[in-house]
Amino acid sequence: MTDETAPLRPEARSPRGFIDRRARDLVAERQILTAVSAVYERYGFEALDTGAFEYADALGKFLPDADRPNEGVFALQDDDEQWMALRYDLTAPLARFAAQNWETLPKPFRRYAFGPVWRNEKPGPGRFREFTQCDADTVGSARPEADAEIIAMAAEGLAAAGLPAGSAVIRINNRKLLNGLLATAGVSDERQKLGVLRAVDKLDRLGPDGVRLLLGEGRKDESGAFTKGAGLNAAVAEAVLAFTAAGGGDRAGVLARLADIIGGSAEGDAGLAELAAIDGALKSLGVAEDQAVFDPAVVRGLEYYTGAVFEAELLLETTDEKGQPVRFGSIGGGGRYDDLVARFTGQPVPATGFSFGVSRLAAALRAAGRDLAAETRGPVVVIVFSQDDMAHYFAAAAELRAVGLAAEVYLGSSGMKAQMKYADRRRAPAAVILGGDEIAAGTVTIKDLDLGRELAAGISDNSQWREQRPGQINCPRSELVATVAKIVRGV
RNA sequence: GCCGCCUUAGCUCAGUUGGUUAGAGCGCCAGAUUGUGGCUCUGGAGGUCCUCGGUUCGAGCCCGAGAGGUGGUACCA
């Protein structure tokens with residue numbers, strides 16, 4: 001102890017892209033998951049939970065390598081030197097699970113899952129490195145009806161979660177259509193096809209003119225940065241643009257228009273047939289035309305999908321704190337991925353699924369005015385006066401709990417004024433005041449904190465405030481539970 | 001990943017041409033009014049001026065690098 005050196009303290013901060021969520025956020029997300037799970041189970045999907053980590057090779061192409069050991073995923077080496085990584089979605093673990101248990105699973109295998117996923121990438125507003133996903137998939141059915149059912153279930157799940165009717169639409173496309181179109185035009189290079197998908201994906205942001213540039217040589221944006229294009233010739237680029245513009249109106253109408261544009265290629269016809277079957281099934285399932293539309297502009301992810309793709313889009317337009325209009329856009333999506341399980345088994349296994357971001361949906365519900373979380377209340381707080389009377393306080397709290405009311409005895413060391421502040425901050429509906437006077441008289445004072453707050457707003461004079469004790473009731477001790485219940489439950 | 005902007009108290013922000021002890025409002029804590037969350041009054045705590053390096057007699061302020069945030073853009077299983 002010679003020199004007084006500053007103690008080396010860690011800085012209290014959360015890692016980039018990770019957030020703490022308190023009760024008000026968690027309540028909303030739990031409600032969504034409960035409602036959606038009930039819908040999914042009604043459709044015959046079983047719950048499945050897998051571990052947070054997978055061996056890195058099971059996650060696909062994001063293998064840690066010497067150059068970029070953590071690209072995309074959070075990976076670490078186990079003590080046996082095997083690379084393992086936190087899952088980045090729920091589909092890859094499902095594919096692994098299905099492959100691992102294929103011999104014993106009832107097929108088709110239908111399951112839903114929810115839980116945190118992790119992505120090691122740059123976080124942004126509303127975009128984190130850990131977030132909760134909810135996902136449902138059917139593995140082992142190639143029928144378009146399996147896709148239709150996933151779509152119907154997604155629509156019903158979103159509604160059950162609280163999205164008002166008409167505030168979301170599921171857009172449906174099929175990869176085989178564009179593939180067929182490109183095949184007819186003689187485009188077979190995979191990199192070129194990928195470039196086309198990327199270009200089309202930007203349609204809503206850049207418009208047809210921007211996409212036309214990206215389909216061709218490339219595009220220079222306002223900052224001068226150049227994005228290389230797909231290199232299609234002008235005629236093919238126009239055909240692609242005409243294809244993407246064929247949406248709008250009812251599903252049968254879109255199909256008819258697409259048939260004209262795609263015409264003839266084997267793959268395109270297969271895609272059209274699948275969409276027609278999906279349309280038929282959606283009708284039988286009672287999915288309205290405005291809930292699920294065919295839209296050839298939907299791209300949804302890249303390579304991975306092999307057939308139908310879908311995207312759930314929120315139509316709500318709201319304003320943020322600064323009055324700026326906010327569009328939520330895509331809230332979830334999915335599609336058919338017939339090759340994912342085959343990575344493990346070598347056997348082709350058809351699969352289709354849908355997943356959405358839970359906190360994103362919660363944010364949308366909040367914007368739609370369905371913010372149940374704002375109403376979350378704290379427990380009734382029993383005020384502590386004297387160490388000697390602790391038994392009275394605990395007895396009161398126990399009585400309240402026995403009838404299902406949340407209650408707690410204040411366990412800090414501050415005075416009554418601070419305790420009232422504490423109750424206020426906990427959003428307690430009521431405070432129970434059992435001081436020496438009340439105990440001696442066999443009574444209890446109960447303060448309705450909401451009513452008190454309301455009444456206090458009209459009082460500016462201190463003596464008046466003192467006399468009125470706004471929102472307070474003094475009643476016999478035996479009426480404690482009934483009186484508090486009336487305040488909390490309103491009956 | 002690339003480009004721009006930003007970073008001072010818990011929050012929102014002032015801070016002069018580089019000059020003594022870095023401020024305000026709100027919030028927080030304590031006290032008075034009162035064994036009572038509001039109002040009013042009194043007092044108090046709270047700072048690595050993002051970090052490291054440089055220039056200077058002297059840096060919150062100037063220069064460089066880095067980190068974090070943010071807005072674009074790219075990527076997005």
Side-chain angles (χ1 to χ4, degrees), chain A residues 6-9 11-17 54 58-63 68 71-73 85 87-93 95 117-125 127 133 194 197-198 201-202 205-206 214 218-228 299-305 324 330 333-335 337 340 343 355 378 381 383-386 389 410 414-439 445-472 474:
Chain A
L8 231 127
R9 297 205 189 93
E11 190 182 345
R13 54 181 190 144
S14 36
R16 195 159 65 101
E54 293 286 339
L59 290 180
K61 58 183 178 175
F62 296 92
L63 283 173
R68 316 172 111 182
E71 184 68 10
V73 297
R87 62 187 183 201
Y88 56 77
D89 71 7
L90 297 172
T91 310
V117 300
W118 295 268
R119 295 185 185 183
N120 190 5
E121 58 189 24
K122 178 185 160 192
R127 184 167 166 163
Q133 258 196 356
L194 192 63
L197 287 176
R198 286 179 180 164
D201 201 20
K202 295 181 176 64
R205 193 156 46 81
L206 303 179
L214 284 176
R219 175 178 178 273
K220 192 178 279 190
D221 65 28
E222 298 83 44
S223 73
F226 183 75
T227 308
K228 196 171 178 300
V299 170
R300 193 65 208 166
L302 302 171
E303 284 152 311
Y304 181 96
Y305 291 112
Q324 299 288 317
S330 170
Y337 50 98
L340 223 53
R343 289 187 49 240
S355 63
V381 173
I383 306 290
V384 166
F385 288 84
S386 157
D389 291 329
Y410 175 77
S414 299
M416 182 176 180
K417 192 183 177 79
Q419 293 185 47
M420 293 300 294
K421 271 191 161 175
Y422 170 82
D424 200 35
R425 205 167 293 172
R426 291 296 308 271
R427 288 181 56 78
V432 171
I433 301 170
L434 258 179
D437 298 348
E438 283 89 352
I439 292 171
T445 298
I446 296 156
K447 183 154 191 157
D448 181 334
L449 292 171
D450 289 344
L451 182 61
R453 187 181 302 112
E454 215 174 287
L455 296 174
I459 302 174
S460 55
D461 179 61
N462 186 259
S463 60
Q464 195 187 349
W465 156 271
R466 210 182 325 161
E467 263 169 48
Q468 286 194 2
R469 292 283 158 76
Q472 264 177 236
N474 188 266

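Below, chains carry the letters A, B, ... as their sequence lines are ordered, and counting in each starts from 1. Everything numeric in this text was worked out from a predicted model, so none of it was measured.
Rounded to whole angstrom, the span from the NZ atom of A:K220 across to the P atom of B:A74 amounts to 15 Å. Atom NZ in A:K122 sits roughly 9 Å away from atom C1' in B:C2 (whole-Å rounding).
You can call A:W465 stacked on the base of B:G38; the centres are under 5.5 Å apart and the planes sit within 30°. Stacking between A:F385 and B:G35 is absent: the ring centroid is not both under 5.5 Å from the six-membered base ring centre and under 30° in plane angle.
Residue-to-nucleotide contacts include no donor-acceptor pair under 3.5 Å from the side chain of A:R425 to the base of B:C28. Between the side chain of A:K417 and the base of B:G35, no donor-acceptor pair under 3.5 Å is found. With hydrogens and angles left out, the side chain of A:E438 and the base of B:G35 share a donor-acceptor pair within 3.5 Å.
In this structure a side-chain-to-backbone donor-acceptor pair under 3.5 Å is missing from A:Y422 to A:V381.
Across B:A77, B:G35, B:G37, the shortest atom-to-atom separation from the side chain of A:M416 is found for B:G35. Side chain of A:N462, nearest nucleotide from B:G72, B:G38, B:A77: B:G38.
Using a 4.5 Å heavy-atom cutoff, the side chains of A:I433 and A:F385 are in contact.
Atom CG of A:D424 is separated from atom CG of A:L449 by 6.5 Å, given to the nearest 0.5 angstrom.
As judged by a 4.0 angstrom heavy-atom cut-off over every strand, A:S414 is placed among residues touching the sugar-phosphate backbone only. Nucleic acid contact class of A:Q419 (heavy atoms, under 4.0 Å, all strands): none.
Nearest-nucleotide mapping onto RNA chain B: of A:G17 and A:G435, the residue sitting toward the 5' end is A:G435. Nucleotides of RNA chain B nearest to A:R453 and A:P15 differ in position, and the one nearer the 5' end is that of A:R453.
Spacing between B:G69 and B:G27 at atom P, rounded to whole Å, works out to 29 Å.
Pair assignment for B:C49: none, as no Watson-Crick or G-U wobble contacts are both less than 3.5 Å. The pairing partner recorded for B:G1 is B:U73, the criterion being a Watson-Crick or G-U wobble arrangement whose two distances lie under 3.5 angstrom.
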